[in-house]
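Quick notes on the structure that follows.
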Amino acid sequence: MREGEILIGAANYTKLALISLLVFSPQVSGQGMAQGSGPPPSAKSFRCKDRTIPQLVDVTEKSGIHFFHTSAPESRYIIESMSGGVLLLDYDRDGWLDIYFTNAPTVEMALKGEKSKGALYHNNHDGTFTDVTDKAGIGTPCFAMGGAVADYDNDGWPDIYVTCYGGNVLYHNNGDGTFTDVTKKAGVADGRWSTGAAFGDYDGDGFVDLMVANYVDLDIHNPPVFGSSVTCKFMGIDVQCGPRGLKGAGDSLFHNNGDGTFTDVSKKAGVDDPDGYYGLTTIWADFNNTGRPDIYVANDSTAGFLYRNDGNGKFTDIGLESGTALGEDGHEQAEMGLAVGDYLHTGRPALAVTDFSMDNTALYRNDGNWDFQEVAYASGIGLPSVPWVKWGIAFVDLDNDGWLDLVTVNGHVYPQADKLASGAKYREPKLVYYNQGDGTFCDASEQSGPAIVRPNVSRGLAVGDLFNDGNMDLVVEELTGTPLVLRNPGIPGNHWVSFELAGTKSNRMAIGARLKIVAGGMTQTEEIHSGGSYISQSDQRVHFGLGKATKIDSLEIRWPSGKVETIKDLEADKFYSVLEGEGIVPRAKILPSAAKKQ
């Protein structure tokens, strides 16, 4: 978040009000706005018309989830604004997604040695969840931010990595409903203020490695004084300080040694960020179809990093030359959350990045050969995003029409914004954009149900099929108060398919595998990811909407090992298990032995 960087005077204050008016006016094109005072003349913003929009229903209370994220009423320190990652994982391998919410104390609490408790909720298969945190032993790992999920030791059980201020925690899944802190043995504590993390097998050895984004060098025993400098002001009022004016913390890459330990190869690999940018979220993706996963790091108030995997254990930052490091007009953005998806059906993953208010969510169209174009305004997502402070983000096919839609969750960083007569407020609505299949999106936020427009102080967003009904649901962690579980009823008559992969030569969870399906004359491509959104983890099963198609003509899987398999003629509306080298198998065959006995 660009705290302190945007010093908005009367002119820009008026601009914000104008843009807010434009966003909530249908069919606005942006023509006539002066250069530098708003979106370019080509900008589009339009409501969804002539289509049925699923109503995303708040089922949090009904589901039995009563978690409450700790918050400081005034958020006088930057660290009190940054927590709130949510992780979806099937920790007990019963075929249903469970939910882990991270939590963090206030600075005052931390100085007293007090902790805030996160929560693991087990999916009961009937629309409800049970708090199993105490049994699992993962309630208070640290001053927690977010995390990522992977099976780092290939034993068939998903493990949890929690990012923290002052030392991260790796929880090994014991396969009996409990976890063990193996951080010291694994060597992945880091020890700085870590925010985003993601697993990916960059060298193809069958074991996932770990990328960690670190934010700023902060001493909570001697933090910057609230409102004490020009970087601690917002529209003339005193606010928390940072990140501008604070030293960046640098990033980490840990190589998996295959024996339960990791080696820090950050500097050797060229991803340590020696200049100290403000890293927030990271993700692995094969952006140029080389068969090797690359890394993107969203940096707050500094240029983003696109690290090209050179295939020799080294990476090269090509953010600037690729067009992904800066905004459309060449300015540094306050990057926070990341989403990767082939929204155009080109076979090339695009990149979407959330940002602070008075700037748009960026959408980098992948034109191939490491060439990206920022098309946020041309695509229709730019203008509606401008007023809000945007965090978690996901490409997800909400209506199962075969085209990836886009969701962002929003919330300001300054509670003091509520003191302003008009303009920015602490609690903000969410945004839902539907893919129109022609490179543009329409804004369906107000059509998607009251939970979307209800203002909250949102941070993490994870998407997944919580109820195993073929529709992708949303889980939002709020910085203040209870989370949101939003159930998606879907669109009757639209079909879907879901795949759960297990590697043999590849890493067990097949992170980095690329799936391509052909159905109903449409070709779709997706990868299995760890991390992303804003310091969160979405469902690692791969979901495709199929529209009216009732069968899949072909499925092609490029495994992280390099092996390519093709499977023909699959029925729609089913969950499939795929074992590397064997194709479609009964789900029991991809499970660890203990899970088969459950």
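Just so you know, residue 1 is the first one in the sequence shown, and it goes up from there.
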Ion pair D300/R244, N-O distance below 4.0 Å: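 Salt bridge: no.
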
Is it true that K390 and D359 make a salt bridge, defined as a side-chain N closer than 4.0 Å to a carboxylate O?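 Result for this pair is no, no salt bridge flagged.
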
Report the residues that fulfil side chain to side chain contact (heavy atoms under 4.5 Å, CB included) with A462, sequence neighbours left out, ordered by chain and then residue number.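 Counting only residues at least two positions away or on another chain, A462 forms a side chain to side chain contact (heavy atoms under 4.5 Å, CB included) with V86, L88, S538.
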
Who passes side chain to side chain contact (heavy atoms under 4.5 Å, CB included) against P483, sequence neighbours left out?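 Scan of P483 (side chain to side chain contact (heavy atoms under 4.5 Å, CB included), adjacent residues dropped) gives I65, F67, F101.
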
For the atom pair [atom1] ([X]) and [atom2] ([Y]), what is the distance rounded to the nearest 0.5 Å?
| X | Y | atom1 | atom2 | answer |
| --- | --- | --- | --- | --- |
| T102 | E477 | OG1 | CD | 4.5 Å |
| M211 | I295 | CE | CD1 | 5.0 Å |
| Y343 | N366 | OH | CG | 9.5 Å |
| S533 | L338 | OG | CG | 8.5 Å |

S194 and side-chain hydrogen bond (donor to acceptor under 3.5 Å, both in side chains): which partner among D251, N168, T163?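 Going through the options one by one, the only one that passes is N168.
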
When you measure from the side chain of E526 to the backbone N and O of D342, does any donor-acceptor pair fall under 3.5 Å?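 No; zero donor-acceptor contacts below 3.5 Å.
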
For H66, does its backbone N or O pair with a side-chain atom of Y121 as donor and acceptor, under 3.5 Å?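 Yes.
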
Answer yes if the ring centres of [X] and [Y] are under 6.0 angstrom apart, and no otherwise.
| X | Y | result |
| --- | --- | --- |
| F234 | H412 | yes |
| F143 | Y165 | yes |
| Y307 | Y296 | no |

Not counting sequence neighbours, which residues clear side-chain hydrogen bond (donor to acceptor under 3.5 Å, both in side chains) with D317? List them please.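 Listed in chain order: nothing, the list is empty.
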
L474 pairs by side-chain contact (heavy atoms from CB on, under 4.5 Å) with which of N488, V407, V409, L466?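 Output: one option passes, namely V407.
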
Over 60° means perpendicular and under 30° means parallel, so tell me whether F262 and Y152 are parallel, tilted or perpendicular.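 Tilted: the ring planes of F262 and Y152 meet at 30° to 60°.
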
